[in-house]
**Q** 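What follows is a structure written as structure tokens; I'll ask about it next.
Every chain is numbered from 1, with letters handed out A, B, ... down the list of sequences. When reading the values below, keep in mind they use all heavy atoms of this one structure, side chains included, and skip hydrogens, waters and symmetry mates.
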Number of protein chains: 2
Amino acid sequence: MDGLRVLPLLDGEPVERSDAARNREALLAAAEELVHERCGVHGVTMDKVAARAGVGKGTVYRRFESREGLMAALLNRSETAWQQSVLSGPPPLGPGAPPLERLLAFGHSRMETNLLHGDLIQAAGQSGARAYAAVSFVAMHVRYLLTEIGVRGDVPILATALLAPLEIVILQQQTHIEQVPLERIRRGWDDLVRRVVSVDVVAP
Amino acid sequence: MDGLRVLPLLDGEPVERSDAARNREALLAAAEELVHERCGVHGVTMDKVAARAGVGKGTVYRRFESREGLMAALLNRSETAWQQSVLSGPPPLGPGAPPLERLLAFGHSRMETNLLHGDLIQAAGQSGARAYAAVSFVAMHVRYLLTEIGVRGDVPILATALLAPLEIVILQQQTHIEQVPLERIRRGWDDLVRRVVSVDVVAP
DNA sequence: AGGCAAAACGGACTATGGTCCGCTTTCTAT
DNA sequence: ATAGAAAGCGGACCATAGTCCGTTTTGCCT
């Protein structure tokens, strides 16, 4: 009998072999351990990750493409939890609050998250995973909220404009180099949002 | 007679030795040549730059600290010309036009410049020179224009918010990955500026 | 069960950024 | 002009990201 697996699992995702899956887990776990031990992303080398996971270096690169890819994968783990709290957590970040309040809460939360994972984000660079998964989720959400608020104009572009000052390169420039206090950055962003939005809400 | 050099050239900039100056020029020239030959920043290695300039690798690092530093130095050369046209070129980019027009022209010009030097900017990273020279010039100018326009609020933070969407990481995300046409990005930025500014100009 | 093709493995190898330290050049004071 | 010290020089050396390819494992099919 041929039993299970009747559906030919439409190609494009040709099933992950068991050893491959095992090794991916091992590698991510090893990388996370090393980041914690070393108290940072710097100093976590590909060799060490491979050794800790008990595999060869070639395997790391097959699974994650590059150092950036590995970091991006690591990042996605924490990002997922955060995305959950945006989609279904308590208001005002989650659903239930009026859209403007949600948008402001979103900005504050995103700011904190980005600063928290700053080094990891930079180490992940432009690498695929983040560029797609994270960026597009965040952009999507802001577009949605802007639409709910009733903003006229090129919503996708405006969403990008609101998100840009929350990017880690900008935040680090402000906090680390210009020494701007966080509270002021936050108020500045709130002000920006209100300015962008007010044009439409006052004049229908 | 003890002749020239009476002023003890107040320390802090302890005079550059002639060989050092010569080598710096040679290195920058070599780096520029290689960038042109290779049609890009990638593939320009420190070894090649040193060899082309006819010096050892150690010299490159003494002069420019790191690869990022070298790239930043390269960038500064072109940046300087651009800064001149902002400060004293023809309007609307240069002085003479009303501040709002100047601000819009500034955004367009900055957008083009950043896209043109995209790879170089990324290769220069956060490295000193750019973080200070370029960023602070640009920030200063936008603050000045916002003040002239009569914007109330936290002008430095608003300036950062307007500049953020012009950063290369954002622009490349939009043009290369999301395939947004340049014209649309430009119009989007104009809209953003008008929204940010309009709050103050209509309601004094 | 046994065989077979595809996928995965792993470690030696390469390329390149960055460091180090003994030697050379430049500058200044005599 | 000369000597001495400070600054600069340069290439051998190290660390780490990334590649390659012969070998091993896996999972399906008869």
Side-chain angles (χ1 to χ4, degrees), chain A residues 1-9 11-27 30-31 34 38 40-72 122-128, chain B residues 1-9 11-27 30-31 34 38 40-72 122-128:
Chain A
M1 46 168 63
D2 56 24
L4 312 172
R5 174 75 71 69
V6 178
L7 298 180
L9 55 109
D11 55 13
E13 185 89 24
V15 203
E16 183 175 49
R17 253 170 60 167
S18 63
D19 51 347
R22 204 180 338 112
N23 280 341
R24 183 176 49 233
E25 266 318 300
L27 284 166
L34 284 171
R38 303 286 180 146
V41 147
H42 184 275
V44 174
T45 74
M46 300 304 264
D47 282 311
K48 281 178 194 153
V49 172
R52 171 72 63 106
V55 305
K57 193 153 67 154
T59 302
V60 190
Y61 280 91
R62 176 146 340 82
R63 282 276 84 75
F64 298 103
E65 186 86 351
S66 65
R67 181 189 160 85
E68 291 195 348
L70 174 60
M71 296 306 178
Q122 299 228 296
Q126 299 285 46
S127 189
Chain B
M1 44 163 66
D2 57 24
L4 311 172
R5 174 79 69 73
V6 179
L7 298 182
L9 55 111
D11 54 12
E13 185 88 25
V15 201
E16 182 175 51
R17 252 172 61 168
S18 63
D19 51 348
R22 205 178 339 111
N23 281 341
R24 184 177 51 230
E25 266 317 300
L27 284 167
L34 285 172
R38 304 286 180 146
V41 148
H42 183 276
V44 175
T45 73
M46 301 303 265
D47 284 309
K48 282 177 193 154
V49 173
R52 172 72 63 107
V55 304
K57 193 153 68 153
T59 301
V60 189
Y61 280 91
R62 175 145 342 81
R63 282 276 86 75
F64 298 103
E65 185 86 354
S66 66
R67 181 188 160 85
E68 292 195 347
L70 174 60
M71 296 306 178
Q122 299 227 296
Q126 300 284 46
S127 188

**Q** Would you say B:R24 reaches D:dG8's phosphate, i.e. side-chain N/O to OP1/OP2 under 4.0 Å?
**A**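 Negative; the distance criterion is not met.
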**Q** Touch check for A:R67, heavy atoms < 4.0 angstrom, all strands: base, sugar-phosphate only, or nothing?
**A**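 Answer is sugar-phosphate: A:R67 comes under 4.0 Å of backbone atoms only.
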**Q** Could you check whether atom CD of B:E65 has more than 12 heavy atoms from other residues, nucleotides or ligands sitting under 6.0 Å from it?
**A**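 Result for CD/B:E65: open.
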**Q** Would you indicate which nucleotide in D:dA17, C:dC21, C:dA8 comes nearest to any side-chain atom of A:T45?
**A**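 Looking only at heavy atoms from C-beta outward on A:T45, the closest nucleotide is D:dA17.
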**Q** Closer than 4.0 Å, any side-chain N/O of B:N23 to the OP1 or OP2 of D:dG8?
**A**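 No, no such contact exists.
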**Q** Tell me whether the OP1 or OP2 atom of D:dC9 has a side-chain N or O from B:R17 closer than 4.0 Å.
**A**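 So the side chain of B:R17 is outside the cut-off, no N or O lying under 4.0 Å from OP1 or OP2 of D:dC9.
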**Q** Counting the atoms with a prime plus P, OP1 and OP2 as sugar-phosphate, which does B:T59 contact under 4.0 Å by heavy atoms, base, sugar-phosphate, or nothing?
**A**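 The residue B:T59 makes base contact.
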**Q** Where the side chain of A:R62 is concerned, which of C:dC9, D:dG27, D:dC9 is the nearest nucleotide?
**A**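 Taking heavy atoms from C-beta onward, the closest nucleotide is C:dC9.
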**Q** Where the side chain of B:S66 is defined as all heavy atoms beyond and including C-beta, which of C:dA8, C:dG18, D:dC9 is the nearest nucleotide?
**A**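 Nucleotide nearest to B:S66's side chain: C:dG18.
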**Q** Only counting residues at least two apart or in another chain, list the ones meeting side-chain hydrogen bond (donor to acceptor under 3.5 Å, both in side chains) with B:R24.
**A**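 Per chain and number, B:R24 pairs via side-chain hydrogen bond (donor to acceptor under 3.5 Å, both in side chains) with B:E16.
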**Q** Out of C:dC27, C:dG17, D:dT19, which nucleotide sits closest to the side chain of A:Y61?
**A**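 In terms of side-chain proximity for A:Y61, the closest of C:dC27, C:dG17, D:dT19 is D:dT19.
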**Q** Which nucleotide in the list D:dA7, D:dA17, D:dG27 gets nearest to the side chain of A:K57?
**A**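 That would be D:dA17.
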**Q** If you compare every side-chain N and O of B:R22 against the phosphate oxygens of C:dT26 (OP1, OP2), does one of them come in below 4.0 Å?
**A**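 Answer is yes, contact under 4.0 Å.
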